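What follows is a short report on a single structure.
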Amino acid sequence: MRHCINCCIQLLPDEAHTQQVSCRGGPHHSRQECPMCKGENKIVFRVDGKQMNLLAVLEVRAEGNESWSGFLRFKKGKRCSLVFGLIIMTLVMASYILSGVHQELLISSPFHYGALPSNPSLMDGENPSDTKEHHQQPSVNNISYVKDDPSIKLIINSITARIEFTTRQLPDVEDLKKQELHMFSVIPHKFLPNSKSPCWYEEFTGRNTTDPYLTNSYVLYSKRFRSTFDALRKAFWGHLSHAHGKHFRLRCLPHFYIIGQPKCGTTDLYDRLRLHPEVKFSAIKEPHWWTRKRFGIVRLRDGLRDRYPVEDYLDLFDLAAHQIHQGLQASSAKEQSKMNRIIIGEASASTMWDNNAWTFFYDNSTDGEPPFLTQDFIHAFQPDAKLIIMLRDPVERLYSDYLYFASSNKSADDFHEKVTEALQLFETCVLGYSLRACVYNNTLNNAMPELPFQTS
């Protein structure tokens with residue numbers, strides 16, 4: 001809405017009005033100034049003897065209307081994107097509502113039975129024994145639990161009766177070398193004495209134009225790590241040691257390993273330890289090299305790829321190795337002491353439990369048990385390595401694992417059915433094999449991986 005601001009109209013109390021001047025630029029153009037406005041562009045009302053500016057009121061109302069007109073002036077693409085987003089959000093909410101008609105909400109664990117009173121004290125008319133009985137009753141909404149509870153108890157009792165813990169015989173180092181000749185040729189038996197982390201110098205035969213990370217499998221198979229290696233590549237040549245016409249690079253292994261378990265807070269611990277100035281981690285939080293990548297395994301269902309050599313794994317610690325090398329080459333004792341206190345860590349949660357690859361690569365197993373475990377190789381190279389294990393209530397951990405890794409149609413009943421199936425498979429296994437053989441049997445993972453009692 002537009003208004004002629006070059007007119008001045010005086011409204012008298014008796015609602016009669018006279019036009020003092022005509023609009024400038026209009027058909028009756030006049031340069032006469034309004035005696036009331038004194039040259040100012042106003043439209044004045046007199047209400048109860050007070051003057052009000054009509055244009056101010058009209059302009060405010062016009063701005064209010066422009067807020068909606070601005071929305072309507074959105075480009076067609078933006079309007080379509082907004083409508084499409086609302087439709088998707090509505091469909092997602094509807095799917096959760098429809099899938100939750102016959103079960104509990106997924107957020108609440110299916111293992112918390114009963115309801116606690118809002119008041120910490122006992123409810124009126126209840127004694128401690130009544131409260132205990134009430135708390136132990138299973139949730140009526142978990143239909144599958146009520147239906148299968150007796151059979152599950154029988155399965156658990158059957159498994160418990162057959163479990164027998166036996167001492168595992170450790171393999172000889174020479175046998176380990178035969179399985180991983182290249183790994184033992186790269187990693188030495190002794191490390192630098194003045195470094196807290198297990199480090200050593202290795203000759204670099206490339207030129208100053210050689211890309212040391214050109215064939216690194218972590219870079220080739222994952223784009224999100226390329227920026228990290230770009231930074232390492234730029235600083236690589238400046239962190240070499242030169243002696244007798246040769247070039248040497250510092251190689252390091254982790255001083256400590258955060259080895260599990262999944263969904264037990266390992267990422268939180270990793271983030272907190274990273275804040276310490278003397279703790280350095282691998283370029284990737286979870287390389288999974290010891291358990292998967294060195295066998296060429298990303299996911300078992302995807303088959304085998306090219307094996308990641310040990311050099312690719314050592315490249316992940318080059319950033320920390322550069323800082324340790326700087327301290328070893330420093331002239332001042334203070335700088336050397338500061339850098340030598342650096343310790344390197346690695347946080348692959350699969351290191352504790354994942355030994356699934358042994359059936360593909362290691363023969364001569366006894367009674368279905370793996371002859372060599374991941375832990376055997378780590379111990380062979382680093383008998384003093386520090387292992388950090390984070391645990392959690394096993395049932396709650398398993399349910400959290402299910403919510404995180406399972407595909408669609410998640411529900412308490414679906415979780416319960418998968419656990420029941422896994423227990424039945426495990427019971428069948430322990431009838432003919434040892435506990436350790438059943439834990440490392442890959443066929444159990446088809447139903448529900450990482451049962452609460454599956455440990456090394």
Side-chain angles (χ1 to χ4, degrees), residues 187-188 190-202 204 212-213 216 218-219 222 224-242 247-290 310-352 378 381-391:
I187 302 177
K190 295 182 179 180
F191 306 110
L192 296 176
N194 51 350
S195 174
K196 292 189 68 174
S197 296
C199 299
W200 70 96
Y201 278 102
E202 171 187 282
F204 179 71
Y213 308 109
N216 188 287
Y218 286 100
V219 183
S222 182
R224 60 193 178 107
F225 301 138
R226 293 179 182 176
S227 59
T228 301
F229 282 97
D230 286 341
L232 290 173
R233 189 179 293 108
K234 294 177 181 179
F236 178 79
W237 192 259
H239 292 87
L240 293 181
S241 178
H242 311 281
H247 312 297
F248 298 89
R249 65 188 296 186
L250 188 68
R251 290 293 207 177
C252 295
L253 282 171
H255 174 76
F256 69 92
Y257 297 84
I258 302 177
I259 64 173
Q261 281 277 27
K263 312 309 296 178
C264 291
T266 56
T267 301
D268 181 71
L269 177 63
Y270 166 82
D271 291 333
R272 292 173 185 270
L273 290 177
R274 287 179 62 193
L275 301 177
H276 198 287
E278 296 176 357
V279 177
K280 307 297 178 182
F281 278 92
S282 54
I284 303 169
K285 174 185 176 287
E286 293 185 285
H288 296 296
W289 184 80
W290 288 103
V310 65
E311 291 86 352
D312 292 359
Y313 179 62
L314 297 176
D315 287 344
L316 302 180
F317 306 102
D318 274 3
L319 183 61
H322 290 171
Q323 299 185 36
I324 296 175
H325 168 75
Q326 182 180 351
L328 295 175
Q329 302 296 321
S331 56
S332 64
K334 182 179 180 181
E335 185 69 15
Q336 290 183 3
S337 176
K338 177 182 178 180
M339 293 299 180
N340 291 345
R341 290 197 299 265
I342 292 177
I343 60 175
I344 302 176
E346 199 249 76
S348 297
S350 64
T351 306
M352 178 176 177
I378 296 178
F381 294 115
Q382 301 174 254
D384 298 326
K386 309 300 180 184
L387 305 178
I388 300 177
I389 303 174
M390 300 189 69
L391 302 177

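Since we're looking at a predicted model, the values are computed, not measured.
- Annotation for V219 and R226: closest pair O-NE, 3.2 Å, computed over non-hydrogen atoms.
- Looking at Y201 and L192, their side chains come closer than 4.5 Å, going by heavy atoms from C-beta outward.
- Here the CD1-CZ distance, from I324 to R251, works out to 13.5 Å after rounding to the nearest 0.5 Å.
- With hydrogens and angles disregarded, a donor-acceptor distance shorter than 3.5 Å links the side chain of E286 to the backbone of A349.
- Atom CD1 of residue I389 and atom OG1 of residue T266 lie 12.0 Å apart, to the nearest 0.5 angstrom.
- If you take CZ on F381 and CZ on F191, they are separated by 8.5 Å, rounding to the nearest 0.5 Å.
- At least one side-chain heavy atom of Q382 sits less than 4.5 Å from a side-chain heavy atom of Y257.
- Taking 4.5 Å as the limit, some side-chain heavy atom of Q261 sits within range of a side-chain heavy atom of L391.
- Residues L273 and V279 come closest through the heavy atom pair O-CB, 3.5 Å.
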### Task
Run the numbers on L319 and K280 for side-chain contact (heavy atoms from CB on, under 4.5 Å), then give the verdict.
CA-CA 8 Å; L319 183 61; K280 307 297 178 182; over 6 Å; no

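- The CD1 atom of I259 sits 4.5 Å away from atom CG of L387, with the distance rounded to the nearest 0.5 Å.
- Put simply, the side chain of L253 does not reach to within 4.5 Å of the side chain of I344, judged on heavy atoms.
- Aromatic ring pairs are classed by plane angle as parallel below 30°, tilted from 30° to 60° and perpendicular above 60°; the pair F281 and F256 is perpendicular.
- A heavy-atom distance below 4.5 Å is not found between the side chains of L232 and D315.
- Between D268 and R272 there is a salt bridge, since at least one side-chain N of the basic residue sits less than 4.0 Å from a carboxylate O of the acidic one.
- No side-chain donor from either of Y218 and W289 sits under 3.5 Å from a side-chain acceptor of the other.
- At a threshold of 4.5 Å between non-hydrogen side-chain atoms, the residues L250 and F317 do not count as touching.
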#### Entry: Trace of the side-chain contact (heavy atoms from CB on, under 4.5 Å) decision for I342 with K196
CA-CA 7 Å; I342 292 177; K196 292 189 68 174; over 6 Å; no

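- Here NE2 of H325 is found 12.5 Å from OG of S195. Values are rounded to the nearest 0.5 Å.
- The side-chain heavy atoms of P212 and F204, taken from C-beta on, include a pair separated by under 4.5 Å.
- When all heavy atoms of P254 and P198 are compared, the closest pair comes out as O-CG, 3.5 Å.
- A distance of 8.0 Å separates CG of L314 from CZ of R249, quoted to the nearest 0.5 Å.
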